[in-house]
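Residue numbers count from 1 along this sequence.
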Amino acid sequence: AKTAGPGTVRFFEVSDDKSARDRRALQRDLEKAVGRDELFLVYQPFFDIRENRVTGFEALLRWQHPVRGVISPAEFIPIAEETGLIHPIGEWVVRRACSTLSNWPSDLRVAVNFSAAQFHNTSILQTIVQALAQARVAPSRLEIEITESMLISKYGPASSILNSLLELGVTVALDDFGTGFSSLTYLLKLPYTRIKIDQSFIRDMLTRPDSAAVVKSIIGLAQDLHIGVVAEGVETTEQLECLRQTSCDEVQGYLIGRPVSADRIFALLDQNRQW
Ligand code: C2E
Ligand code: CA
Ligand code: CA
Ligand code: CA
């Protein structure tokens with residue numbers, strides 16, 4: 001508002017609030033974060049209920065901000081998506097996840113979260129192929145997690161890249177299942193490997209009959225479609241026991257393990273804890 005008149009200055013005072021300023025500052029910092037090596041991944045286990053073993057880990061992004069400490073992806077992923085920074089960040093995530101995966105036992109997979117926008121930059125396919133080759137890991141050990149909302153976003157289903165990935169042997173999981181729209185329509189459009197029941201349903205399933213019904217029907221649907229099903233956000237043994245009575249395949253959540261840094265994964269596997 002340098003050269004603006006008094007009226008304009010007032011306008012800026014009203015609209016240029018603290019949160020907008022914070023956001024722009026965060027955006028500038030995020031532009032430098034990749035180059036400064038401030039991003040890191042933490043890994044949260046998947047646990048197979050019947051086999052009683054850890055089957056892999058989901059990579060979750062964190063940002064070690066030099067001043068503000070660790071920032072959650074819920075805060076900076078939206079900024080990355082708006083600014084296009086999601087492309088270099090997403091490519092970094094894939095490379096790092098694959099190189100970490102190369103150190104794990106070969107019966108474990110890594111799951112990586114993707115934003116809709118990432119499927120509209122064809123270089124992502126090349127990046128994934130290269131990352132897998134460089135790390136020498138089988139494509140079937142990499143899973144891409146996408147949300148149903150991204151399939152109906154302005155970007156559209158982007159199924160050509162997804163189809164190429166599926167042809168390569170990469171697996172695809174539908175994340176936060178049950179929270180979006182058109183779930184069933186989109187479920188049938190691609191050969192998903194797995195669906196992940198949104199944690200909101202798991203949180204409420206012992207207290208709300210409607211949530212219990214949703215959990216039960218998603219598990220039944222997965223079974224009928226012959227695809228895997230993961231319950232997210234399992235925090236209590238009561239929830240786990242309830243899921244054991246169903247044909248849910250895998251669980252994830254604080255009960256099994258919070259996300260940990262890559263160097264703590266072997267200790268976690270060695271514990272071989274049973275629930
Ligand atoms: P999401 O993919 O649905 O991941 C699950 C979130 O729930 C994670 O939060 C995880 O830490 C948290 N969580 C896991 N178990 C429990 C539990 O038992 N109880 C509760 N209350 N929460 C649990 P996080 O790590 O903060 O990630 C938030 C979201 O950010 C993710 O949701 C995902 O959509 C997005 N995200 C994370 N990493 C990436 C990434 O590399 N790329 C993209 N595009 N998005 C990412
Ligand atoms: Ca996820
Ligand atoms: Ca989820
Ligand atoms: Ca989510």
Could you state the interatomic distance from [atom1] ([X]) to [atom2] ([Y]), rounded to the nearest 0.5 Å?
X	Y	atom1	atom2	value
Thr179	Asp198	OG1	CG	5.0 Å
Leu132	Ser102	CG	OG	11.0 Å
Glu38	Asp29	CD	CG	7.5 Å
Ile202	Gln239	CD1	CD	7.0 Å
Phe57	Thr100	CZ	OG1	11.5 Å
Leu243	Glu238	CG	CD	12.0 Å

Membership question, hydrophobic clusters at under 4.5 Å side-chain separation (ILVMFWY): are [Y] and [X] in the same one?
X	Y	result
Val70	Ile79	no
Leu108	Ile256	yes
Tyr254	Val251	no
Ile265	Leu255	yes
Val94	Val129	yes

Side-chain contact test, heavy atoms from C-beta onward, threshold under 4.5 Å: evaluate it for [X] versus [Y] and give yes or no.
X	Y	result
Thr55	Phe47	no
Ser99	Gln134	no
Ile144	Val170	yes
Ile227	Leu221	no
Glu145	Val112	no
Pro73	Leu60	no
Glu143	Thr193	yes
Gln252	Val234	no

Applied to residues 261-271, the salt bridge (Lys or Arg N to Asp or Glu O under 4.0 Å) test, sequence neighbours excluded, yields none
Between Ile71 and Phe76, the two heavy atoms sitting closest are O-CE2, 3.3 Å
If we count only N and O atoms by modelled type, under 3.5 Å, do the side chains of Thr171 and Tyr192 hold a donor and an acceptor together? no
Quick one: do the Glu91 and Ser123 side chains pair a donor with an acceptor below 3.5 Å? yes
For Ile146, the option from Val172, Asp176, Asp175 that meets side-chain contact (heavy atoms from CB on, under 4.5 Å): Val172
Charged N to carboxylate O under 4.0 angstrom, [X] versus [Y]?
X	Y	result
Arg68	Glu75	yes
Asp107	Arg53	yes
Lys196	Glu58	yes

Going by chain and number, the hydrophobic cluster around Val230 (ILVMFWY, side chain to side chain under 4.5 Å) further includes Phe46
Mark yes when over 12 heavy atoms from residues, nucleotides or ligands other than Arg136 sit less than 6.0 Å from its CZ; otherwise mark no. no
Test log, rule side chain to side chain contact (heavy atoms under 4.5 Å, CB included), inputs Phe40 and Arg96: CA-CA 9 Å; Phe40 65 101; Arg96 177 56 59 91; 5.8 Å; no
Side chain to side chain donor-acceptor pair (under 3.5 Å) between Ser115 and Glu81, intermediate numbers included: CA-CA 8 Å; Ser115 298; Glu81 288 172 347; 2.7 Å; yes
Decide yes or no on salt bridge (Lys or Arg N to Asp or Glu O under 4.0 Å) for Glu235 and Arg258, but give the supporting numbers first. CA-CA 10 Å; Glu235 294 184 353; Arg258 289 178 180 260; over 6 Å; no
Apply side chain to side chain contact (heavy atoms under 4.5 Å, CB included) to Leu26 and His65, showing your working. CA-CA 9 Å; Leu26 211 56; His65 187 280; 4.2 Å; yes
Would Phe114 and Ile128 count as a side chain to side chain contact (heavy atoms under 4.5 Å, CB included) if you check the C-alpha gap in whole Å, the side-chain angles of each, and the deciding distance to 0.1 Å? CA-CA 12 Å; Phe114 269 69; Ile128 294 171; 3.9 Å; yes
Show, in sequence, the C-alpha distance, side-chain angles and deciding distance for Val54 and Asp48, and conclude whether the side chain to side chain contact (heavy atoms under 4.5 Å, CB included) test is met. CA-CA 6 Å; Val54 170; Asp48 187 298; over 6 Å; no
Check against salt bridge (Lys or Arg N to Asp or Glu O under 4.0 Å), Glu241 and Arg244: CA-CA 5 Å; Glu241 284 321 309; Arg244 276 193 206 276; 3.4 Å; yes
Within the 6.0 Å centroid threshold, strictly below: Trp104 and Phe266: no
